[in-house]
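Here is the structure we will look at, set down as C-alpha cells.
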Amino acid sequence: MGSFPHIVEDCMGVLQVLSDGTIFRSKNIQFNMPFVDEKSVHFKDAMFDKNHNLHLRIYKPTSASFPVNSYKLPIIIFIHGGGFCIGSRMWPTSHNCCLRLASGLNAVVVAPDYRLAPEHRLPAAMDDAASAMKWLQGQALSETSSDAWFNNGEVDFDQVFILGDSSGGNIAHHLAVRFGAGSTELAPVRVRGYVLLAPFFGGVVRTKSEVGPSEALLNLEILDRFWRLSMPIGETRDHPLANPFGPLSPSLEVLILDPILVIVGGSELLKDRAEDYARRLKDMGKKIEYEEFEGMEHGFFNYDPYSDAANQTLQVITRFMSDNSG
C-alpha cells in the first residue's frame, strides 16, 4: 500500500500542498491585528471578472475634501501582496491599508483580488490586474456606470495611480510595462504613475540582503517557497516574471514608462533587488524615485498603516502624486 499524502509545501498553515497534489487553504486564519474601524471611509465590494469570479473592494472618503470646485478625487489601484500565493482584499493587511490610503490621500481606492498560485500560476495574477484596469475603463466609458460611486462626477479617471505591495509591486511593474507611458489603451483612464512598495522580485543569484539576516515575519525559505509555487512549472527565479533583468528578460531600455516610485524598508530581504531595480531604470533614463526607510522590515506600511513610518510614507506618495498629476 502507498503512504498517506503528506505536506510538501506549507505557507504558514494558510496554504498547504500535499504530496498527492491536493491543495488546502485554511478558512480560519488567525490574524494578529484587528480590523480598523475607519469612520471617515465608506467601502463596498463589486465583481469585476465574472468568468473567474473575481471581486474588488472600493473605498471612498465619506466627506471628501474638495480644495476647489473643480477638484475631483484621484483613483488609487491597490494590489495586495502575499507572494502570489496568499492574500485577499478582505485581509486586514489589505483592508486597513486601503482605509488609510483613502483617508490619507483623499482618494478613491480600488483593491482587486486576483487568482492565486499554485492553482493559478503566473502570469494569471498579472492578467487579472489588467482585467481590473479594463473594468475601471468600463466605468469611465459608461454614461450610466454600473457603480454609482464612479458616475457622480466626483472621481477623476485622468488621475489614476497604481500602488502594489510586495508581489503586488511586481504586478504593478508588469502593468507599467504592459500599458506603457500614457496608458492609451485604457483611455479615458490615464495612469499617472506607479508606486511599488517593496516589490517582490527574484533571481537565481542571491543578493546580500536576501542572504540575511531574516526578518521577524519573512525569511529566504518563505520567499523561495512562494517562487516555487507561483512560477510556471520548470522555470527558475530568473524568469522574466520574477526577474526584470534576467538573462531572458526583454530589455526595458527601449520602453517609455510612466513615473515609478519605489519604497522599501532598509532592513528588508527584498531591499537590494528594489534598490537595484530603481538604479537600473534610472541609468536607462526612466523617471523613477527611490525611498528607503531605515530600519523598517517588510510590510511596515500595511501591517501598521497609522504608524509614524506609514505617515511619512503617505507624505512621500502624496508628493509623488502631486509631481505627476499632469
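Sequential numbering from 1 along the given sequence is applied to the chain's residues. Side chains included, hydrogens not; waters and symmetry mates left out as well; all remaining heavy atoms used.
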Sidechain N-carboxylate O distance under 4.0 Å for K134, E185 = yes
With a 6.0 Å cut-off on ring centres, are Y303 and H298 close enough?
-> no
Above 12 or not: heavy atoms from other molecules or residues under 6.0 Å from CG of D308?
-> no
Which donor-acceptor pairs under 3.5 Å do side chains of residues 274-281 form with protein atoms, sequence neighbours excluded?
from : atom 1 : to   : atom 2 : distance (Å)
E275 : OE1    : K271 : NZ     : 3.2
D276 : OD1    : R279 : NH2    : 2.5
D276 : OD1    : R280 : NE     : 3.4
D276 : OD2    : R280 : NE     : 2.9
Y277 : OH     : H173 : ND1    : 2.8

At what distance, to the nearest 0.5 angstrom, does CZ of F179 lie from CD1 of I162?
-> 6.5 Å
Residues that P92 engages under side chain to side chain contact (heavy atoms under 4.5 Å, CB included), provided they are two or more places apart | F31, M33, F35, N96
SB check D258 K287 (cutoff 4.0 Å) | no
Okay, side chain of S94, backbone of M90: is any donor-acceptor separation there less than 3.5 Å?
-> no
Side chain S230, main chain F226, donor-acceptor under 3.5 Å = yes
For H52, enumerate each residue passing the side-chain hydrogen bond (donor to acceptor under 3.5 Å, both in side chains) test, keeping only those at least two apart in sequence or located in another chain.
-> D49, R115
Do side-chain atoms of R237 reach the backbone of V204 as a donor and acceptor pair under 3.5 angstrom?
-> yes
Is the side chain of R192 donor-acceptor paired with the backbone N or O of D158 at a distance under 3.5 Å, no angle test?
-> yes
Kindly work out whether a path of hydrophobic side-chain contacts (I/L/V/M/F/W/Y, heavy atoms less than 4.5 Å apart) joins V195 to I260.
-> no
Presence of salt bridge, D113 and R89, under 4.0 angstrom | yes
Check: E297 main-chain N/O paired with S267 side-chain donor or acceptor under 3.5 Å | no
Would you find a donor on one side and an acceptor on the other, under 3.5 Å apart, between the side chain of E294 and the backbone of G266?
-> no
Could you state whether I76 and F48 fall into the same hydrophobic cluster, counting links through intermediate Ile, Leu, Val, Met, Phe, Trp or Tyr residues with side-chain heavy atoms under 4.5 angstrom apart?
-> no
N219 meets the side chain to side chain contact (heavy atoms under 4.5 Å, CB included) criterion, sequence neighbours left out, with S214, E221, I222
Do T22 and D20 have a side chain donor and acceptor closer than 3.5 Å?
-> yes
For the side chain of S103 and the backbone of L99, is there at least one donor-acceptor N/O pair under 3.5 Å apart?
-> yes
Do the side chain of S209 and the main chain of D272 share a donor and acceptor less than 3.5 angstrom apart?
-> yes
Could I get the full list of side-chain hydrogen bond (donor to acceptor under 3.5 Å, both in side chains) partners for R121, not counting sequence neighbours?
-> none
Is the number of heavy atoms from other residues, nucleotides or ligands within 6.0 Å of NZ (K44) greater than 12?
-> yes
Side-chain donor/acceptor of D156 to backbone N/O of K72, under 3.5 Å | no
Does any N or O in the side chain of R225 come within less than 3.5 Å of the main-chain N or O of D10, such that one atom is a donor and the other an acceptor?
-> yes
By side-chain hydrogen bond (donor to acceptor under 3.5 Å, both in side chains) - contacts of Q315 (at least two apart) | none
